[in-house]
Peer 1: 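Take this structure first; my questions come after.
We count residues from 1, following the sequence as given. None of these values were measured; they are calculated from a predicted model. Reckoned from all heavy atoms, side chains included, excluding hydrogens, waters and symmetry mates.
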Amino acid sequence: MKRKYGDWAARWRVPLSFAFAVAYVVLSQPGRPLLVAGAIIALAGLLLRGWAAGSVDKNESLATSGPFSYTRNPLYLGSFILGVGFMIAGGSWALGIAFVALFIFIYSPVMRREAEFLRQKFGFIYEDYARLVPAFFPVLRPKRYRPSDFRWARYQKNREYEAAGGYAAILIFLVIKLMLRCG
């Protein structure tokens, strides 16, 4: 049953995210202080995602350096921080609660599914890594830190610039919505 739910969550995460984006467009009510605070928090998430995307060769090798020394899922953590920032910027508690619920119910099984894939692909190497590094919430002092092997070519190959474009588009949308609301 767990496997089927993980497959379902992986298949539906993008369409559900788009549906949530439509709700965000309609329900967000940005105010200046929350917009600024949320944009800064979202930027932190975007930077974490960028660092992680430039430090991983997906499906080729097990990433354990840089941000992967602190958490096994820095891309998802970055997405979560990005989303929380935009929920703050959007000024709606209902959206914030819905975002956290959506993230938990969709991305928790996706992370478990990906961990199982890595366990099968990398065996005891992954098991050792997973024993030392938490799945989501980062440790402040990694047990075995290795400096990041960040490369712009990886960042581009992983198409992380799309997240940067999305950040800019949402920020522009919120600023325009704020200007229209304030007159």
Side-chain angles (χ1 to χ4, degrees), residues 1-21 41-87 98-168 170:
M1 182 69 174
K2 285 183 181 180
R3 180 78 169 145
K4 288 183 181 181
Y5 181 66
D7 293 342
W8 178 89
R11 184 173 38 253
W12 283 94
R13 68 181 172 177
V14 173
L16 288 171
S17 296
F18 279 117
F20 185 80
I41 293 167
L43 179 61
L46 180 68
L47 293 173
L48 176 56
R49 280 191 56 86
W51 183 27
S55 301
V56 63
D57 290 311
K58 292 181 182 178
N59 299 324
E60 294 175 28
S61 62
L62 182 63
T64 61
S65 67
F68 292 91
S69 297
Y70 296 92
T71 173
R72 294 193 312 263
N73 291 287
L75 285 159
Y76 291 137
L77 178 60
S79 293
F80 182 75
I81 295 167
L82 188 66
V84 166
F86 278 127
M87 293 309 104
F99 168 76
V100 171
L102 181 69
F103 194 91
I104 290 169
F105 290 115
I106 295 297
Y107 286 96
S108 293
V110 168
M111 285 187 271
R112 282 192 300 274
R113 183 175 178 251
E114 290 178 3
E116 186 55 37
F117 168 79
L118 293 172
R119 188 172 283 110
Q120 290 175 6
K121 183 166 179 115
F122 298 108
F124 74 90
I125 296 169
Y126 179 78
E127 289 296 332
D128 185 48
Y129 170 64
R131 191 173 39 77
L132 295 174
V133 180
F136 187 71
F137 295 105
V139 293
L140 298 178
R141 296 175 138 208
K143 293 182 181 176
R144 196 170 39 183
Y145 179 77
R146 290 183 28 224
S148 180
D149 185 22
F150 179 91
R151 294 191 195 135
W152 280 107
R154 284 189 192 125
Y155 176 93
Q156 293 169 327
K157 179 182 177 189
N158 291 324
R159 297 169 39 185
E160 192 59 25
Y161 51 82
E162 292 176 357
Y167 172 85
I170 294 169

Peer 1: Is there a side-chain contact between F103 and Y76 in this structure, where contact means two heavy atoms from C-beta onward sitting under 4.5 Å apart?
Peer 2: yes
Peer 1: Show, in sequence, the C-alpha distance, side-chain angles and deciding distance for L140 and Y70, and conclude whether the side-chain contact (heavy atoms from CB on, under 4.5 Å) test is met.
Peer 2: CA-CA 7 Å; L140 298 178; Y70 296 92; over 6 Å; no
Peer 1: Could you grab the distance from atom OH of Y161 to atom CZ of R159, nearest 0.5 Å is fine?
Peer 2: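 The OH atom of Y161 sits 5.5 Å away from the CZ atom of R159.
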Peer 1: Using 0.5 Å steps for rounding, measure from the CH2 atom of W12 to the CG atom of L102.
Peer 2: 13.0 Å
Peer 1: Which pair of heavy atoms, one from A115 and one from Y126, lies closest together, and at what distance?
Peer 2: CB-OH, 3.3 Å
Peer 1: Taking atom CD1 of I81 and atom CG of L48, what is their separation to the nearest 0.5 Å?
Peer 2: 5.5 Å
Peer 1: Could you tell me if the side chain of L75 sits less than 4.5 Å from the side chain of K58, heavy atoms only?
Peer 2: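 With C-beta onward as the side chain, the pair touches.
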Peer 1: I'd like to check S17 versus V14 (side-chain heavy atoms, cut-off strictly below 4.5 Å). Are they in contact?
Peer 2: no
Peer 1: Please enumerate all residues that pass side-chain hydrogen bond (donor to acceptor under 3.5 Å, both in side chains) together with S69, with sequence neighbours excluded.
Peer 2: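 Testing S69 for side-chain hydrogen bond (donor to acceptor under 3.5 Å, both in side chains), a comparison that skips the adjacent residues, returns none.
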Peer 1: With E60, which of K157, R154, K121 fulfils salt bridge (charged side-chain N to carboxylate O under 4.0 Å, His left out)?
Peer 2: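 The single option meeting the salt bridge (charged side-chain N to carboxylate O under 4.0 Å, His left out) with E60 is K157.
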Peer 1: Taking all non-hydrogen atoms of both residues, which atom of A63 and which atom of F68 are closest, and how far apart?
Peer 2: O-CB, 3.4 Å
Peer 1: Write down the atom of P142, the atom of V139, and the distance for their closest heavy-atom approach.
Peer 2: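 Closest heavy-atom pair between P142 and V139: CA-CG2, 3.7 Å.
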Peer 1: Please enumerate all residues that pass side-chain hydrogen bond (donor to acceptor under 3.5 Å, both in side chains) together with R49, with sequence neighbours excluded.
Peer 2: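 Per chain and number, R49 pairs via side-chain hydrogen bond (donor to acceptor under 3.5 Å, both in side chains) with S79, E160.
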Peer 1: Restricting to non-hydrogen atoms, name the atom on Y155 and the atom on A164 that form the minimum distance, rounded to 0.1 Å.
Peer 2: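 What the structure gives for the nearest pair is OH-CB, 4.1 Å.
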Peer 1: Distance from L82 atom CG to M87 atom CE, nearest 0.5 Å?
Peer 2: 9.0 Å
Peer 1: Could you check F86 against Y167 for ring pair (Phe, Tyr, Trp, His ring centres under 6.0 Å), going step by step and ending with a plain yes or no?
Peer 2: CA-CA 9 Å; F86 278 127; Y167 172 85; 5.5 Å; yes
Peer 1: Distance-only criterion, 3.5 Å: show the donor-acceptor pairs between side-chain atoms of residues 131-138 and protein atoms not counting sequence neighbours.
Peer 2:
{"unit_1": "R131", "atom_1": "NH2", "unit_2": "D128", "atom_2": "OD1", "d": "2.3"}

Peer 1: Enter the distance from N59:CG to L118:CG here, rounded to the nearest 0.5 Å.
Peer 2: 7.5 Å
Peer 1: For E114 and Y107, what are the C-alpha separation, side-chain angles and deciding distance, and is it a side-chain hydrogen bond (donor to acceptor under 3.5 Å, both in side chains)?
Peer 2: CA-CA 10 Å; E114 290 178 3; Y107 286 96; over 6 Å; no
Peer 1: Is there a donor-acceptor contact under 3.5 Å from the side chain of Y5 to the main chain of F105?
Peer 2: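 It does hold such a pair.
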Peer 1: Atom CG in N158, atom CG in D57: separation rounded to 0.5 Å?
Peer 2: 7.5 Å
Peer 1: Verify whether one side chain among S148 and S65 offers a donor that lies under 3.5 Å from an acceptor in the other.
Peer 2: no
